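What follows is a short report on a single structure.
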2 protein chains.
Amino acid sequence: MLEQRDRAHRSPINLSEAIIPGLCAGCGARHIGLCDALADEDLHFLASVARQTTVARGHSFAIEGDSARYFFNINAGTARLHKDLPDGRRQITGFVGPGDFVGLAADDRYTFSAEAIEDVRLCRFDRTELRGVFSRFPALERRLLDVASHELIVAQEQMLLLGRKSAIERLASFIDGWSRRAILCGGGTDSLRLPMTRTDLADYLGLTIETVSRALSALRKQGVIEVTPDHNISVVRPHALHDIARAGA
Amino acid sequence: MLEQRDRAHRSPINLSEAIIPGLCAGCGARHIGLCDALADEDLHFLASVARQTTVARGHSFAIEGDSARYFFNINAGTARLHKDLPDGRRQITGFVGPGDFVGLAADDRYTFSAEAIEDVRLCRFDRTELRGVFSRFPALERRLLDVASHELIVAQEQMLLLGRKSAIERLASFIDGWSRRAILCGGGTDSLRLPMTRTDLADYLGLTIETVSRALSALRKQGVIEVTPDHNISVVRPHALHDIARAGA
DNA sequence: ATCCCGCCTTGATCGAAATCAAGCATTACC
DNA sequence: GGTAATGCTTGATTTCGATCAAGGCGGGAT
């Protein structure tokens, strides 16, 4: 592993970070994990199809309808994926962070837009050349199938949320899920950093900012969460939160 | 192709139908398409991990929470995939027909239930043994990744529908999509068979049966569709329907 | 410091869809 | 044939979340 990291540093991009994101060791499904020994020629090959870039907060690195040339792996920061209706209505389909992939759900053209909500560092792959990567690293394709399957599970859970849950249940579900993700990624269990605005939350949960605000207040008044002055959240009663999220399971 | 079909008939299951569903030749993404020549030993191997079954209307062949032993390929009939909340609220995440796969979005346990809404014929694979199938037929894994990607696109489109569209836009979107699917599958463009009930439609679109009924009436009054006496639909003005679905794009 | 602007919260009112309710059509079953 | 069950439609009323509106807070620019 360390030997591999050394080798990676010799290549133009930091492959150990790009291909084997080390930040979230506990996240399981969110990593490629090309952990086998890599020959130098393999590294050069990977470096030839990948490229590390930085995207500043507020900027998009994929736009719905554009030709889908690239596939991305997030190394640092948070981005939102969204779809828009012509009249401005917006649905955020997910937030992605370190270790996550962007571009799996793409045809010829992107069917979503991706925008950095914090400064984002990412690794960019040419999608055509990625095919070649697959034949050289079959484990990668296997891994991507697992990732895609997992994303399908998450997407279906979100359909249940959007189709059938009340406003307060949606907020509880989101905070519950987000805090589990934070815990898995090694974050402390006390304060939960929310990099997205209330508008983002509303567009993710199919609500308006006012309803999001009211639902958060309701959860606060019930003593389930606390809202910090900087608009972050701390979960006071995780079990109660989970019960609300699952509609009293 | 014909030679392959002949060979398939020698095996215990009808592989040409099960693995290469022939019913919907125009559907593209929905087929595995193991179109390369198959050796006899390959056929025997496939037959050893697959099994053809019939599921009667109203019966489930996968239940949320159960150990996810099997992966399915639908050969005939229609099924609904759904998730339920403890208090009875239900979200249908999709309808599947000939050529579709069920069980991609599964972990250790099913995260959805699958129920036949017509008599269904399907081909059942043991998910553990499927891993072995992958190493023998790498093209299959590639194909499943494509299928999973396509399902992700559809799921995200459905999130936009559930999170941001009005009742009438949801109905228009559904009918538009369903009719395109029917046309691709070689169906006539005139009458559109809806194998699902209004309740299913409501649970798919995040509405109630009354609202579904009213939205259909509204579309009918606008001269966009006609509702046949047997509750099927015929699309009178496809372009207008599409415009409503895309919120006046 | 002061102003402005973006972001959030809370209150008042409105509206789209849910709920409640009634009735009709078709099919299933005795 | 009669009757119950199932599924669909339409009308009346209610409700939850959207919309409209006002005000607070904090950070950045001048």
Side-chain angles (χ1 to χ4, degrees), chain A residues 57-58 80 85 87-92 117-118 161-175 192-222 225-233 244 247, chain B residues 56-58 80 85 87-92 115 117-118 161-175 192-222 225-233 244 247:
Chain A
R57 174 191 160 129
R80 59 178 177 224
L85 287 172
D87 63 2
R89 280 175 284 174
R90 160 170 301 193
Q91 180 66 38
I92 291 179
I117 59 179
E118 304 172 296
L161 180 149
L162 292 169
R164 290 302 183 209
K165 289 188 184 177
S166 70
I168 199 166
E169 288 163 357
R170 294 182 198 202
L171 255 297
S173 299
F174 170 75
I175 299 169
L192 194 60
R193 201 177 66 87
L194 298 183
M196 68 289 290
T197 67
R198 295 286 186 267
T199 304
D200 290 335
L201 235 32
D203 286 342
Y204 181 56
L205 300 174
L207 301 169
T208 59
I209 49 171
E210 294 94 333
T211 302
V212 168
S213 191
R214 275 185 255 271
L216 285 174
S217 295
L219 287 173
R220 188 164 42 74
K221 280 168 192 157
Q222 291 177 30
I225 62 169
E226 274 170 10
V227 179
T228 64
D230 55 346
H231 301 303
N232 287 331
I233 279 176
I244 296 172
Chain B
R57 174 193 160 129
R80 61 180 175 221
L85 287 172
D87 62 2
R89 279 175 284 173
R90 161 170 301 192
Q91 180 65 39
I92 291 179
E115 187 178 345
I117 60 179
E118 303 173 297
L161 180 149
L162 292 170
R164 291 301 181 210
K165 289 189 184 176
S166 71
I168 201 166
E169 288 163 357
R170 295 183 197 201
L171 255 296
S173 300
F174 170 76
I175 298 168
L192 193 61
R193 202 177 63 87
L194 298 183
M196 69 290 290
T197 67
R198 295 287 187 266
T199 304
D200 289 336
L201 236 33
D203 286 340
Y204 181 58
L205 300 174
L207 301 168
T208 59
I209 49 171
E210 294 93 333
T211 302
V212 168
S213 192
R214 276 186 254 269
L216 285 174
S217 295
L219 287 172
R220 187 166 40 77
K221 279 167 192 158
Q222 291 176 30
I225 63 168
E226 274 171 10
V227 179
T228 64
D230 55 347
H231 301 301
N232 287 332
I233 280 176
I244 297 173

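Side chains included, hydrogens not; waters and symmetry mates left out as well; all remaining heavy atoms used. Lettering of chains follows the sequences in order, A, B, ..., and the numbering in each one begins at 1. Quick caveat, the model's predicted, so the values are computed rather than measured.
Atom CG of B:Leu201 is separated from atom C1' of D:dG7 by 13 Å (rounded to the nearest Å). Atom CG in A:Leu171 sits roughly 13 Å away from atom P in C:dC8 (whole-Å rounding). When the P atom of D:dG26 is taken as reference, atom CG of A:Asn232 falls 14 Å away, rounded to whole Å. The nearest whole Å value for the distance from the CG atom in B:Asp203 to the P atom in D:dG7 is 12 Å. For the pair A:Asp230 CG and C:dC8 P, the interatomic distance rounds to 11 Å; values are reported in whole Å.
Annotation: the span from B:Leu219 atom CG to B:Ile168 atom CD1 amounts to 4.5 Å, rounded to 0.5 Å. A:Leu171 CG to A:Ile233 CD1: the interatomic distance, rounded to the nearest 0.5 Å, is 7.5 Å.
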Exercise for the section: Evaluate side-chain contact (heavy atoms from CB on, under 4.5 Å) for B:Leu194 paired with B:Phe174, printing each intermediate quantity in order. Expected result: CA-CA 11 Å; B:Leu194 298 183; B:Phe174 170 76; 4.2 Å; yes
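Under the 4.5 Å side-chain criterion, counting only non-hydrogen atoms from C-beta, A:Thr199 is not in contact with A:Arg90. Between B:Ile117 and B:Thr197, the closest side-chain pair of non-hydrogen atoms is not below 4.5 Å. The closest side-chain heavy-atom distance from B:Gln91 to B:Leu162 is below 4.5 Å.
For B:Arg164, the salt bridge (charged side-chain N to carboxylate O under 4.0 Å, His left out) partners are A:Asp203, not counting sequence neighbours.
For the 3.5 Å distance criterion, the side chains of A:Arg220 and A:Ser217 qualify, holding a donor opposite an acceptor.
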Exercise for the section: Take nucleotides 10-19 of chain C nucleotide by nucleotide from the 5' end and write B, S or -, depending on whether a protein heavy atom sits under 4.0 Å from the base, only from the sugar-phosphate, or from neither. Expected result: BBB----SSB
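Every stem involving DNA chain D, taken as at least 3 paired positions in a row under the Watson-Crick or G-U wobble test at 3.5 Å, is listed here: C:1-30 with D:1-30.
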